[in-house]
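Notes follow once the structure below has been shown.
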Amino acid sequence: MRSTVVSKFLKKKTSFYLFIISGTGASALTYYNTLNPNRNRHSLLDVITTSFNGVLRSSRSLYTITANVVDYKYSLQGLLKDTDEYAQVLSEVHLRSAKRILKLCEVNQGFYIKAGQFVASVRQVPKEYSSTLASLQDQAVPCSFEAVKEVLISNLGSDLNEIFISIDEQPIAAASIAQVHRALLKDHQEVVLKIQYPGLKNRMKMDIATMSLLAKCVTWFFPEYRFQWMVSEFSKVIALELDFLQEARNSVTTAVNFKHNNRIRVPKVFQELTTSQVLTMEYCTGRRVDDLDYIREMGIDPRKVAKVLVEAFAEMIFVHGFVHGDPHPGNILVSLDEKQGFRLVLLDHGIYKTLDEEFRVNYCQLWKALVLLDSHKIQQVAQHFGIGKYAKYLSLIFTGRTINSRSAFGEGMSVEEKTNLKQEVKSLSMGDVSEFMESLPSEFLTVLRTDALVRSLTSKLGSSQRERLVVYANYALHGLSLKPDSDSDFVSNGVRTRIMSRIGHLQVRLVLELLQLLWWVRDTRQALITWSKQITRLVNHHHTPISVIS
């Protein structure tokens, strides 16, 4: 009954919708003129085209957000928040709203696809949104070659034949902001050209402005749903990704960071053929990291792929302090290698975050405390991050167990703990989640998002949570060993504090080694039991008397 309210409301409000379109169109044109006060008069056609597209895209957005606001307002009206009925109806509204946003992203394409991908990768949004919008990871409509060729000419020169023997007009990949074409240089070097879609920056400015307006509208109707932090973070991310010169620099830095790791490959960048809109890289063979059929067909153990993947990103976070912010499956290839069996090729280096050194050390300290369930240290680090109020949830977010859990590291929670947690979480509102996310440093948001994407990938590859957590814990200790903790400085605190710090490191290392030994014993015991049962069944089957029918 409640779910039909929205459709009835919108059918009755056709005039209201037309008002939204016209108002948005005027706003879009005014906004464009404000952004481009000194534009050339001969570009009037571009102005009209951009403004018209802005009208359509913005009006769809406002229509969608209006539908969602009405749905939430009317569907939840009169329901008590702490009841099962409220939770069920809320989940249904989340799902309907997520489907509307999915449709909006699919129609508007471009930055809306990117925004949907961004939301899907944030674990702190309702699961109905993240699961529904996850389908956007592989959706992008390629542009005609004639259109992107204009971008090539304006960036590399009018005579492309002086640079390339050939350029494949059929893209091998298409994303939300660019598409990729194979090409052959004059020296017969095979390369790929990542070419930005034409007119993207103007659309970005208008789309970001619209998204910001929508976030404010949602907050006005629902004060507890504050998504401005998400729009702000997304706008920073997308601005970085639009500069291919920055992506080239990120790629070079990552290649240097992993130069001693023969399992990780970063494609070489051709700097002389790279601009802010065109990126030229060496062509690398391989298949997507989540292509399990290919991985198994090549005789590669998917769990080994997962381990290399986790180690690479753990090294970025805990050791390098230079983190790839978009490790979705299309950006990581599994490539065959004669010596190692396989290597991972890291692509798309547009979104990176340089972690402040103090943040990196404190994040390592947090993981050390999570292993030991050191509630005092967890609280201390949380205070440093500005989220002391939510310190008790950090263990749950990262390791899947509560701060008072009796379960071993990597083992999750008992049934009793899950029941108690379910009751406790009921007291949390969306306002609490919004406050938590708004309080986080931008570095924390990056590692949360990266961890969520890595977690999803390793799960698809068949790796367990405990394997990922142990890798993280080990790299956190390695990260701490690179620089003495501020509270163990020799001059200010003396030898005793330094010794205690080293003992703490050894304690964590011992806990991890014992856990892995216990897991090995348990897994071996289970394997032996399974093997024994199979042998018993075979023996019993062999000795079963055969009845003779006369």
Side-chain angles (χ1 to χ4, degrees), residues 35-36 110-111 113-114 117-118 140 142-143 147-160 162-164 167 171-183 185-187 189-205 207-208 233-259 264-284 316 320-328 330-332 345-355 442-443 446 450:
L35 291 173
N36 302 274
F111 289 104
I113 293 286
K114 200 71 186 175
Q117 293 172 348
F118 184 85
C143 199
V148 296
K149 186 178 179 181
E150 289 301 316
V151 178
L152 276 177
I153 291 171
S154 64
N155 282 267
L156 301 183
S158 58
D159 192 356
L160 297 178
E162 291 184 0
I163 305 171
F164 304 101
I167 301 175
I172 59 173
S176 52
I177 68 168
Q179 62 192 48
V180 180
H181 292 258
R182 288 176 69 172
L185 296 177
K186 282 292 187 179
D187 63 358
Q189 169 78 49
E190 194 170 10
V191 297
V192 292
L193 303 172
K194 182 177 179 181
I195 310 166
Q196 196 172 113
Y197 297 130
L200 204 60
K201 288 188 178 180
N202 285 335
R203 289 202 299 273
M204 181 203 77
K205 293 173 183 177
D207 288 345
I208 292 294
E233 191 66 22
F234 173 69
S235 62
K236 293 175 188 174
V237 164
I238 207 67
L240 289 173
E241 197 171 7
L242 282 177
D243 184 359
F244 288 177
L245 287 172
Q246 182 60 50
E247 180 172 347
R249 289 190 288 270
N250 293 342
S251 181
V252 171
T253 300
T254 304
V256 171
N257 287 344
F258 284 103
K259 65 182 178 181
I264 301 297
R265 182 180 180 184
V266 178
K268 173 190 171 184
V269 174
F270 291 78
Q271 301 285 0
E272 67 279 9
L273 296 176
T274 295
T275 69
S276 62
Q277 291 182 299
V278 176
L279 178 63
T280 306
M281 303 168 289
E282 68 171 318
Y283 174 72
C284 294
M316 286 184 189
H320 303 159
F322 189 65
V323 185
H324 192 309
D326 195 21
H328 70 75
N331 288 341
I332 306 169
V345 181
L346 302 184
L347 306 174
D348 200 342
H349 300 273
I351 303 175
Y352 266 80
K353 187 73 173 181
T354 301
L355 305 182
S442 60
E443 293 100 333
T446 299
T450 300

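Side chains included, hydrogens not; waters and symmetry mates left out as well; all remaining heavy atoms used.
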>> Please determine whether side chain to side chain contact (heavy atoms under 4.5 Å, CB included) holds for the pair Ile163 and Leu185, giving the CA-CA distance in whole Å, both sets of side-chain angles, and the decisive distance to 0.1 Å.
In response: CA-CA 6 Å; Ile163 305 171; Leu185 296 177; 4.3 Å; yes
Interatomic distance, [X] atom [atom1] to [Y] atom [atom2] [nearest 0.5 angstrom]:
X	Y	atom1	atom2	answer
Lys194	Ile177	NZ	CD1	5.5 Å
Leu355	Met316	CG	CE	11.5 Å
Thr254	Lys259	OG1	NZ	13.5 Å
Leu273	Met281	CG	CE	12.0 Å
Phe258	Arg265	CZ	CZ	15.5 Å
Gln196	Cys143	CD	SG	11.5 Å

> So, does Glu282 use its side chain to make a donor-acceptor pair with the main chain of Lys268 at under 3.5 Å?
Replying inline: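 A pair under 3.5 Å: yes.
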> Any side-chain heavy-atom pair from His328 and Asn331 closer than 4.5 angstrom?
Replying inline: yes
>> Any non-hydrogen side-chain atom of His181 less than 4.5 Å from a side-chain atom of Val148?
In response: yes
>> Arg249 vs Asp243, test: side chain to side chain contact (heavy atoms under 4.5 Å, CB included). Steps then yes/no.
In response: CA-CA 10 Å; Arg249 289 190 288 270; Asp243 184 359; 4.1 Å; yes
> With Tyr352, which residues qualify under ring-ring contact (aromatic ring centres under 6.0 Å, His included), at least two apart?
Replying inline: Phe322, His324, His349
> In this structure, which one of Thr450, Leu346, Asp348 forms a side chain to side chain contact (heavy atoms under 4.5 Å, CB included) with Pro327?
Replying inline: Thr450
> Given Arg182, which of Ile167, Leu193, Val192 fulfils the side chain to side chain contact (heavy atoms under 4.5 Å, CB included) condition?
Replying inline: Val192
Could you report the tightest heavy-atom contact between [X] and [Y], atom names first, then the distance?
X	Y	result
Ser276	Leu245	N-CG, 3.7 Å
Phe244	Ile195	CE1-C, 4.3 Å
Gly330	Leu347	O-CD1, 4.1 Å
Ser251	Pro267	OG-O, 3.6 Å
Gly350	Asn250	O-ND2, 3.7 Å

